[in-house]
Structure formats: C-alpha cells, structure tokens
Protein chains: 4
Amino acid sequence: MAGVDYQPLLDEIAAGVRPQIGRGAVASYIPALAGVGIGHFGMAVADIDGQVAGVGDWRRPFSVQSISKIYTLALVLAEGGEDVWRRVGREPSGTPFNSLVQLEYENGIPRNPFINAGSLVVTDRLLSLTGDARGALRTFLRAESCNRGVDFDIAVADSEAEHGHRNAALGHFLADLGNLENDVADVLAHYFSQCALAMSCRDLALATGFLARHGLRGDGSRLLSVREAKQVNGVMLTCGAYDAAGEFAYRVGLPGKSGVGGGIVAVVPGRCTVAVWSPGIDEQGNSVAGVAALDHFTTLTGWSVF
Amino acid sequence: MAGVDYQPLLDEIAAGVRPQIGRGAVASYIPALAGVGIGHFGMAVADIDGQVAGVGDWRRPFSVQSISKIYTLALVLAEGGEDVWRRVGREPSGTPFNSLVQLEYENGIPRNPFINAGSLVVTDRLLSLTGDARGALRTFLRAESCNRGVDFDIAVADSEAEHGHRNAALGHFLADLGNLENDVADVLAHYFSQCALAMSCRDLALATGFLARHGLRGDGSRLLSVREAKQVNGVMLTCGAYDAAGEFAYRVGLPGKSGVGGGIVAVVPGRCTVAVWSPGIDEQGNSVAGVAALDHFTTLTGWSVF
Amino acid sequence: MAGVDYQPLLDEIAAGVRPQIGRGAVASYIPALAGVGIGHFGMAVADIDGQVAGVGDWRRPFSVQSISKIYTLALVLAEGGEDVWRRVGREPSGTPFNSLVQLEYENGIPRNPFINAGSLVVTDRLLSLTGDARGALRTFLRAESCNRGVDFDIAVADSEAEHGHRNAALGHFLADLGNLENDVADVLAHYFSQCALAMSCRDLALATGFLARHGLRGDGSRLLSVREAKQVNGVMLTCGAYDAAGEFAYRVGLPGKSGVGGGIVAVVPGRCTVAVWSPGIDEQGNSVAGVAALDHFTTLTGWSVF
Amino acid sequence: MAGVDYQPLLDEIAAGVRPQIGRGAVASYIPALAGVGIGHFGMAVADIDGQVAGVGDWRRPFSVQSISKIYTLALVLAEGGEDVWRRVGREPSGTPFNSLVQLEYENGIPRNPFINAGSLVVTDRLLSLTGDARGALRTFLRAESCNRGVDFDIAVADSEAEHGHRNAALGHFLADLGNLENDVADVLAHYFSQCALAMSCRDLALATGFLARHGLRGDGSRLLSVREAKQVNGVMLTCGAYDAAGEFAYRVGLPGKSGVGGGIVAVVPGRCTVAVWSPGIDEQGNSVAGVAALDHFTTLTGWSVF
C-alpha cells in the first residue's frame with residue numbers, strides 16, 4: 001500500500017469540504033482556545049513508511065486536546081502498564097465525557113480511557129511508571145513526528161488549569177474512590193499539559209503511525225504488541241468521538257479520535273494514518289469539516305469497514 | 001471475492017474453538033431457553049452471491065433473540081420509516097440493555113435500536129408501517145434465507161411474555177413518554193414473537209446478506225440505500241454486543257449482533273456474512289465460543305478493520 | 001382538648017385564605033379531574049371525640065387521590081402486614097413521586113409508601129391480606145367517616161387506568177424485581193380505584209381520626225398500635241407532600257398528606273384532624289389555598305411542632 | 001415551661017439507654033476520630049432561660065461534625081444571606097449525604113443545607129458575608145454557650161483535609177457549576193474547620209437555644225426571624241438525620257441534627273434544647289445510644305409531635 005500518492009486525493013477532499021469550513025463553533029470553554037480563527041482547514045496522510053502528504057494548514061500547530069489521550073494510553077501499555085485495564089474499562093460510556101454520575105454508580109472505574117475520568121487514571125498510571133508523564137509524552141511525540149518543535153502550549157495549559165474545576169472534581173473523586181496513585185494536583189498538572197499539546201496535522205499523522213503499523217514505531221522497534229494495537233484501535237472506534245461514536249462509526253468507519261480543538265486522527269490499519277483539523281466543532285465536540293473530510297476520504301478510497 | 005471456498009476455513013475454526021464450547025452458561029431467564037444443550041456449535045458463511053458453507057450444527061434452528069433487532073430495523077428503514085431516527089438514537093448506551101434509567105433521563109428517547117427500549121420503538125414503527133410487524137418480518141426472512149420453514153417458536157414467545165415484566169415496564173414507560181404509536185400490549189406481542197424466531201446459522205447468514213451487499217436483497221432488488229446499510233452496520237459495530245461492544249470491536253473488528261440464545265451474526269461488507277451459534281454465553285450475554293470463532297475468522301482472513 | 005369550638009377558627013381561616021383560592025392550576029393529567037372548578041374551598045376539623053366543624057365546601061366530595069395512600073398503609077399494618085416494611089422504606093425520596101430511577105438503583109424497594117411505587121407495593125400487600133383491597137378500604141372509610149355514601153368515582157378510576165402508563169410501568173418493574181405478589185393488572189385496578197375515592201373534607205377529617213387517637217378507631221377499638229400510629233405520622237411528616245415535604249414541614253409543621261385533587265389531611269396527635277380542599281395545586285402537586293389554610297391553622301393554634 | 005427540673009429525667013434516660021452504649025461503631029473515615037472510646041455517653045438539656053442540666057459525659061468536648069451545619073446556616077440567615085435559598089434547596093435528598101449524582105442531575109443546586117454539598121454552599125456564603133466563616137462561627141458559639149473554650153480541633157481539621165477528596169470533588173464540582181463565590185480551597189478549609197469544632201453536650205444545648213426561642217439569642221437579641229427559625233427547624237426535621245430522617249422523625253419526633261462524631265442536638269420549640277453524645281454510630285451515621293436517649297426523652301415528656 002505504501003507508495004500511493006495521496007496528494008490528488010487530499011486536493012479533491014479539500015475542495016469538497018470547503019462549504020463545511022467555518023460551520024460549527026470554536027471551543028470557548030477556555031479563553032486560550034476561543035481566539036483561534038474558525039476558517040482554518042488542514043489535512044495530512046502519512047503512509048506506514050512515513051511518507052506524508054498534506055493540504056491547507058497541515059503544517060500549522062493547533063491544540064490537540066483529547067487526541068493526546070491516545071498517546072498517553074499507548075505509552076502506559078508500552079511501559080508494561082496493561083494492569084491499567086483493571087482501573088479503567090474499554091466500553092462506550094453513554095454519558096457526557098465529563099460526567100461524574102457514571103463514576104459514582106460504577107464505583108470509580110471509568111468506562112473507557114477517552115472520557116476525562118478514564119484519561120486521568122491513565123495519566124496517573126503513566127506518571128507512576130515514568131515519573132514524568134508529560135516529559136515521556138513529549139519525548140515520544142517528538143521522535144515519532146520527527147519534529148523537535150512539538151511542545152506544550154503553556155498558555156493553554158494554564159487556562160485549562162484555571163477553568164478546570166470539573167476535571168479537579170473528577171480527580172478528587174477518583175482519589176476518594178481509591179483509583180489514583182499520585183497526588184491529585186500532580187495528575188491534573190500532567191493532564192492539563194497533555195491536553196495543551198500543540199501539534200500540526202503532519203505531526204499527528206506521523207505520530208499515530210504505530211497504530212497503522214500494528215504496534216511498530218517509526219524506527220521499526222515495537223511499541224505495542226499486535227493485540228495491544230488492536231485494543232487501542234478498538235477503543236478509538238467505539239469511544240473516540242465523544243458522544244457521537246455511533247455517528248462517526250458509520251460515516252467514517254475507521255478508528256479515530258477527536259479533540260475539541262478541531263483535530264481528528266484516524267487510522268487505516270496496515271495502510272496509513274490521517275489527521276485533519278478545522279476549529280469549528282459541533283455540539284458533540286467533533287470538527288464539522290474534519291468529520292466531513294474523513295467521510296470523503298473513506299468514500300473515495302473505499303477503506304471504510306462498512 | 002465471491003467464489004472463495006470457505007469450507008477449509010470453517011473446519012479450521014471449528015477445530016480451534018473446541019475448547020471454548022460448553023463455556024459460559026445457557027440463558028435461563030425463561031424456561032424455554034434453559035433447556036438447550038450447551039454443547040452445540042455451528043457456523044456458516046454466506047458470500048454475497050448466496051453461496052453458503054457451514055460446519056457443525058449450522059442447519060439447526062435456535063432462538064435468535066436480539067439478532068432479530070437487525071431485521072426489524074432494516075424493514076422499518078426499507079418501508080420509508082427513516083423518521084424512526086427521531087424516536088431512537090444511534091449511540092452506545094453505557095447502561096444495561098434493559099435499563100429504565102437512561103430512558104427517564106433522556107425523556108423517552110432510547111439510545112439505540114438494539115437496547116430493548118429502542119427495539120420496542122422500532123417494532124412499534126414497523127407495526128404502524130405494515131399493520132403486521134411479525135408477519136412482515138417472517139415473510140422477509142423466509143425469502144432472504146430461501147427457507148419457508150423459518151418461523152416463530154410459540155413456546156418461546158409465550159415464555160417471553162410470561163416473564164416479560166421488564167419489557168412491559170419499558171413499553172408502558174415509552175407510552176407514557178409519548179414514544180409509542182400502538183397499544184403497548186400489541187407492540188409487546190410482536191416484540192416477543194420477533195425474539196422467539198427460530199433460525200439456523202445458515203438461515204441467518206443468508207438473511208443478513210443485504211448488509212454485505214450494501215443494501216441489496218438476495219434477488220438483487222434494493223432494500224436499503226447504501227447510506228442506510230452503512231448506518232445499520234455502524235450501529236451494529238458500536239452497539240451490537242450489549243455492554244461488551246468495545247471488547248467485541250477489538251476482538252472481532254466487524255459489525256455484529258449477538259443474541260442471548262448464543263447466536264451472533266457478523267458482516268464483512270462487500271464480501272460475506274458469518275453466523276455462529278453456541279449456547280454458552282458470558283456475563284454480557286455474548287456466546288463464548290461464538291466470539292472466539294469470529295475472532296479466529298478475522299484473524300485468519302485478515303478482514304478485521306484493525 | 002375535646003370540646004373546643006373550632007367554628008370561629010375555621011371562619012377566620014376561610015376569610016384569610018380567600019386571596020389564595022383560585023391560584024395554582026387544576027390537575028389535568030386525566031380529563032376526569034380537569035373539569036373541577038378551581039374556585040372551591042372547604043375545610044373541616046374533627047376532634048378526637050368525633051365532633052366535626054366545617055366551612056365552605058366541606059361537605060362536597062372530591063377526588064382524594066394520594067391521600068388514600070394513608071389508609072391503605074394503615075389497613076395493611078392493621079391486618080398484620082408490618083412485614084411490608086421489608087418491601088418498602090420509610091425515607092423521603094428526593095426524586096419525583098413517579099420516578100423509575102430510584103427503583104432501579106435501589107433494587108425494587110421503593111423509598112416510602114407514599115410515592116407511587118411504594119403505594120403499589122402496599123396495595124399489593126393489602127390485596128394479599130384481604131383478597132379485596134378496594135373493598136376493605138371502602139368498608140373502613142365508610143365506617144370511620146360515618147358515611148355510607150363514600151365510594152369510588154368510576155369515571156375517575158377508568159380515566160386513571162386509561163392514562164396510567166407510568167403506573168403500569170412501575171407495576172411491571174416491581175413485578176420484574178420480585179416485589180409484587182399479585183398480578184400487575186389486579187394491583188393496578190385496585191390502585192386506580194383507591195386514587196379515585198370521592199370523599200369530602202368532613203369524611204376525611206373523621207376517617208383520619210385514628211392517627212390523632214394514637215391508633216384507636218372511632219368506636220374505640222384499636223386499629224394500630226401506638227408505635228404504628230407514630231410510624232404513619234412520621235412518614236406523613238417527612239414524605240407526605242410529594243417533593244415539597246421540607247416546605248410543608250416548616251410552614252405547617254404537622255404530619256400531613258396531600259393529593260393532586262387539591263385535598264390535604266393533617267393530624268394534631270392527641271387533639272384533632274384537619275382536612276382542607278381547594279383544587280388549585282402548585283408545581284409540586286399541593287393545594288395552594290390548602291397549604292395556606294393549614295399554615296394559618298398552626299399559626300393561630302400554636303400547634304405546629306416548630 | 002422554664003423552671004422544670006430535668007435532672008431526674010436525665011438520670012432515668014441515662015439508666016434506660018445503658019444497654020445501647022457501645023453499640024454501633026466509632027466513625028473511622030479519619031484517624032483523628034477513630035481513636036475515641038465507644039463507651040462514652042453524655043446528655044444535656046438547656047431550657048429557654050439558659051438553665052442546663054446534664055448527665056454522664058455531658059461536659060466533655062467531642063467532634064461535632066455535621067451538627068455545625070446548623071450554626072453556619074443560621075449565621076448566614078442572620079447576616080442577611082437569605083438569598084442562599086436560591087443556591088440550595090430545603091428538601092430531603094434521598095441520596096447519600098456526599099453524593100455527586102444529585103448535584104449533576106439538578107445542575108449544581110444541592111437539595112438541602114445539611115448534605116455536604118449544601119453545607120459547602122452555605123459556608124461559601126458565610127465566607128462572603130463575613131470574610132471569616134470559621135471565626136464568625138467560633139465567636140457565635142462561644143457567646144451562646146458561655147464558654148470561651150469552644151474551639152476547632154486542629155488535628156481533626158487537618159485529618160479531614162487530608163482525607164477530604166470527596167468534599168474536594170464536591171467543591172470543585174460546585175465551582176464548575178457556578179455555585180461557589182470563593183476559592184474552592186478557602187471554602188474547604190473553613191468547612192473542614194467547622195466540622196472539627198469540639199464542643200460538649202452542655203455547649204451544644206446552650207448554643208442551639210435560639211431555635212427553641214424562635215430566633216432569639218441567649219442575650220435576648222434577635223438572631224433569626226420567627227419564620228427563619230421555623231425554616232431551620234423544618235429542615236432539621238426532614239433532613240437532619242442523614243438518610244434516616246424518616247426513622248428519626250417517627251422515633252424522636254423533634255427537629256434534630258446528628259453528626260458522625262456521635263452527637264445529636266434536638267429542639268423542643270418554646271421549651272428547651274437537648275444534646276446527647278455517644279460515639280457508636282449506626283450505618284446511617286446516627287448515634288445508636290443518642291437516638292435511643294432522644295426516643296426516651298420524647299416518650300417520657302410527651303413532647304414528640306406524634
């Protein structure tokens with residue numbers, strides 16, 4: 001599959017989604033995100049050999065937000081932390097991503113690693129395993145994306161912390177229920193940093209390659225077992241698009257993970273990864289033009305599972 | 001893809017899953033199901049041209065239970081009832097399949113058509129559209145499976161009705177919230193019959209072919225639009241395995257729907273459908289040997305999405 | 001305390017609450033109730049010797065609705081059914097009177113006998129104990145109120161049944177959870193009849209006398225033990241006014257039970273019972289003028305607990 | 001009523017409850033409480049003129065815990081903060097005292113001021129009104145109890161803070177939902193201090209006198225209006241005994257507030273206040289011997305409302 005020229009495909013998609021750009025609304029729960037222009041659109045495809053093609057604002061960094069949850073999870077599994085599955089489930093939640101209700105009824109075991117409570121547990125585990133969750137994440141992402149400029153946006157992280165009462169509530173609740181190993185404040189700090197990662201479509205497409213390569217990193221070394229890579233892809237397919245996982249599944253038909261910054265990463269196992277960005281998000285938190293672009297992508301390539 | 005000889009594959013799978021047969025427990029919530037021997041195993045593959053291969057008890061009818069929810073949904077869409085999506089969602093539920101809680105908090109709109117409340121709404125719609133939901137379903141399934149013997153097991157249907165207080169509660173609750181068009185008793189009678197359909201792996205594999213053929217029936221006529229077929233497959237992938245949709249997604253990686261009778265149907269769009277049956281089910285209600293067989297199937301064929 | 005002349009007090013109260021009469025709205029969930037004129041007001045006091053005084057429409061029968069739940073509970077306890085406390089709690093619910101959520105989370109044990117689910121369990125118990133819950137209730141109320149005209153309003157009962165999907169849902173749910181002894185349809189029929197009792201303020205004040213007499217009936221025979229009478233009064237104080245028990249407690253400060261027909265009965269243990277009726281109810285289901293009248297009553301007599 | 005000699009009554013009660021002393025278990029959620037001996041028992045009555053009688057360990061300070069919630073509420077109302085009723089309800093909760101579920105479903109408005117979330121809101125209001133909630137509380141309690149030794153137990157407060165993740169979760173959740181005016185950390189610090197107040201039965205009986213005097217302080221000045229005093233008493237009656245308000249209401253029949261330290265304060269409006277302490281608490285958090293003593297008290301005096 002490697003060697004395909006994705007440029008014409010990307011150009012066609014970019015033209016096709018133009019009417020969708022600017023739809024939805026830019027995330028405004030923190031000031032640092034609200035200032036992003038809604039008219040941006042970028043898309044990149046990286047094949048499993050690391051060849052990248054892109055269109056539009058594909059080299060421009062944006063706030064990846066929840067997309068980072070993929071990498072934290074992968075690093076925990078890579079570090080031997082598969083016991084994290086005893087502390088977080090792998091099933092869709094059916095409740096908003098930041099709900100405390102599910103947690104109370106299910107005794108502190110978050111339903112999956114992509115709702116906020118679940119990601120806090122994963123971050124906590126990574127912190128225990130590495131001593132520096134934030135640093136481990138940055139090191140990994142810089143290597144995979146071949147970009148030493150990948151970094152946290154301090155202003156965004158500070159803004160997250162300042163407006164992070166819901167996440168703080170989740171953190172303290174997890175601690176109360178015995179499902180955090182580290183100090184709540186430490187876990188939150190690492191969590192807010194990870195959400196504040198600034199990366200471009202190009203960076204994301206490359207950094208997610210291990211999921212298209214059944215667990216192999218860009219340099220050919222093994223990050224995850226085949227089984228673990230399948231697990232992560234499976235969780236992405238059923239839980240990756242907030243409370244619109246069903247809609248995303250049938251429209252795109254690929255494992256994917258979105259962020260409220262307007263980014264989405266999708267995986268075609270064995271073939272390639274796709275990253276798209278456009279800041280206008282719908283009520284479920286998914287980029288309107290981004291979902292449309294991925295819909296075009298799977299329709300044009302026939303690579304949807306459906 | 002048509003023309004593949006699936007027999008060697010099925011034989012290999014049957015040999016591979018032998019240790020799993022007899023694991024789990026036979027569904028016992030109604031006496032009529034509790035009497036089934038746990039040692040059965042059957043599996044069938046139908047390609048998109050209608051060629052069928054099978055192994056084990058693949059011609060022996062069993063109680064399809066929730067698998068029937070696929071066909072009711074498809075018939076509603078085929079009859080022009082796509083407005084049913086205003087009355088039922090397409091997202092995973094995160095609560096047990098027969099919970100009333102979600103329904104109360106979300107004002108009577110079931111999360112998806114495969115939880116019981118959702119299927120009651122779909123059955124209600126089919127009843128309004130056809131005047132005879134049960135009859136329309138049987139006619140369709142007999143035609144698609146080329147088997148005039150497909151029928152409801154009256155003993156099972158009666159047993160369902162007798163022990164059906166939870167479903168009756170759901171029905172009356174939906175009626176109270178304005179989300180049923182017909183009499184609760186009528187809807188329940190049609191619903192219990194549909195659960196009591198007796199079909200074999202062979203029948204199911206054939207009858208589900210329209211989802212592999214992007215909406216075309218066995219005779220080439222169109223049942224669903226391509227988009228609708230994708231929708232149904234999407235809902236199957238995210239909501240088809242009760243509260244183990246995530247686990248099923250990563251292990252099998254195909255749209256599928258299970259029933260507590262021990263049957264599972266899965267779809268490889270553009271290629272084939274697979275039906276498997278073994279009555280021992282796990283705590284989530286999915287056949288232990290059935291999931292294992294499908295896991296083998298996608299591993300051996302490489303047709304999983306992951 | 002007997003021998004007090006309540007007439008001047010009642011006249012003063014009736015004059016004082018005049019501005020409140022007509023406020024709120026008549027219950028409209030069933031047509032048979034919606035036709036009642038909102039301008040009615042009646043009030044009666046019965047002392048523990050059975051002397052009754054009244055004002056306004058105090059002799060006019062109205063639909064007692066949930067007030068009947070007191071008597072069903074008392075009869076169950078009187079018939080030796082104190083084991084009913086294993087099947088229903090005695091604590092306030094914090095959820096709407098007809099919610100299914102509490103029931104699901106607390107495994108089918110309703111929080112108290114005055115929410116609908118709890119009263120269904122009590123009615124079910126009375127049906128088992130007597131063979132005819134409805135008949136036992138009527139016989140008791142006719143005797144205590146010295147009025148052979150006390151009866152069920154068939155039109156109201158039929159209307160309740162026709163619009164009773166929520167209660168049917170509760171009934172089937174209780175049956176599913178193993179907390180009903182009789183057929184759901186039978187229990188519902190008796191329940192709807194009990195709600196449809198037509199009684200006047202005079203009748204209610206007299207019929208509730210056993211709670212002011214620490215368990216003794218009008219003829220001096222013992223219906224409840226002193227402890228049981230305290231229990232019923234306690235449940236009335238904390239759970240008698242739907243979701244406004246706290247408001248009712250501080251404004252009235254007496255054990256009381258309201259119905260959506262606009263009636264309220266209150267008890268001054270050792271002294272008297274008070275019944276009031278005015279059909280305009282507030283959002284919590286309590287008569288606006290009725291609560292105001294009881295507020296006046298306890299303020300003027302100083303018999304509030306506070 | 002003043003002038004009654006309560007000593008013989010207290011002696012009789014103390015003798016009567018002896019078999020109950022030592023039952024239940026000492027609260028162990030924080031180490032600082034777990035060390036208290038379970039065999040203590042003390043009881044005090046203060047009449048409305050400030051005469052106090054006592055028995056057993058009635059002069060020994062203990063951790064008042066949730067009893068302090070009464071005084072915080074009273075001070076807020078006294079300081080003109082009746083708008084606090086827009087931010088917290090007055091109805092029983094039906095969910096555990098520290099649940100986040102109710103809060104999420106009811107958009108951040110705690111059901112009453114005696115569940116933890118509600119008390120956090122009240123503490124927050126007092127902090128805004130006074131600048132020093134903790135200090136205002138201590139000043140008030142010292143004055144009312146005529147005891148300059150009333151103070152916070154720093155060890156207990158620190159222990160509360162260290163094990164206070166659930167309360168921190170509630171605090172951050174309230175902040176997220178816009179129902180806190182001050183910093184979460186500040187509100188929590190004041191809240192933990194208030195829980196850690198060390199007072200004796202004597203102190204508590206005196207300090208609660210304003211609720212028996214319809215709002216008047218010990219020096220005759222007005223703290224609360226008559227209506228406000230009734231409100232506080234009403235909330236105590238329906239919400240004062242955690243999830244056993246109904247049981248408490250019928251057994252004791254008086255407005256009361258308990259704490260997990262084993263203390264309970266009850267009010268006989270117009271007559272007296274009663275404080276009792278014994279550290280063994282039941283599953284609902286109420287002192288076993290304490291409830292029994294109050295049951296005796298109302299039975300012997302006939303002052304129960306029932």
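Chain letters run A, B, ... following the sequence lines, proteins first, then strands; residues in each count from 1.
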task: Go through Ala249(A), Gly253(A), Ala245(A), Gly89(A) and name the one with the most non-hydrogen pairs under 4.5 angstrom from chain B.
output: Ala245(A)
message: How close do Gly246(A) and Pro92(B) get, counting heavy atoms only, and between which atoms?
response: N-CD, 4.2 Å
message: Please determine whether side-chain contact (heavy atoms from CB on, under 4.5 Å) holds for the pair Leu237(B) and Tyr250(A), giving the CA-CA distance in whole Å, both sets of side-chain angles, and the decisive distance to 0.1 Å.
response: CA-CA 9 Å; Leu237(B) 192 67; Tyr250(A) 104 77; over 6 Å; no
query: In terms of heavy-atom proximity below 4.5 Å to chain A, should Arg90(B) be classed as side chain, backbone, both, or neither?
result: both
Portion of Glu106(B) that has a non-hydrogen atom of chain A nearer than 4.5 angstrom: side chain
message: Test side-chain contact (heavy atoms from CB on, under 4.5 Å) on Thr238(A) and Glu247(B); report intermediate values, then the result.
response: CA-CA 10 Å; Thr238(A) 51; Glu247(B) 193 78 11; over 6 Å; no
Inter-residue atom distance Phe306(A).CZ - Met236(B).CE, 0.5 Å rounding: 9.5 Å
Interface residues of residues 223-235 of chain A facing chain B - non-hydrogen atoms under 4.5 Å apart: Arg227(A), Lys230(A), Gln231(A), Asn233(A), Gly234(A)
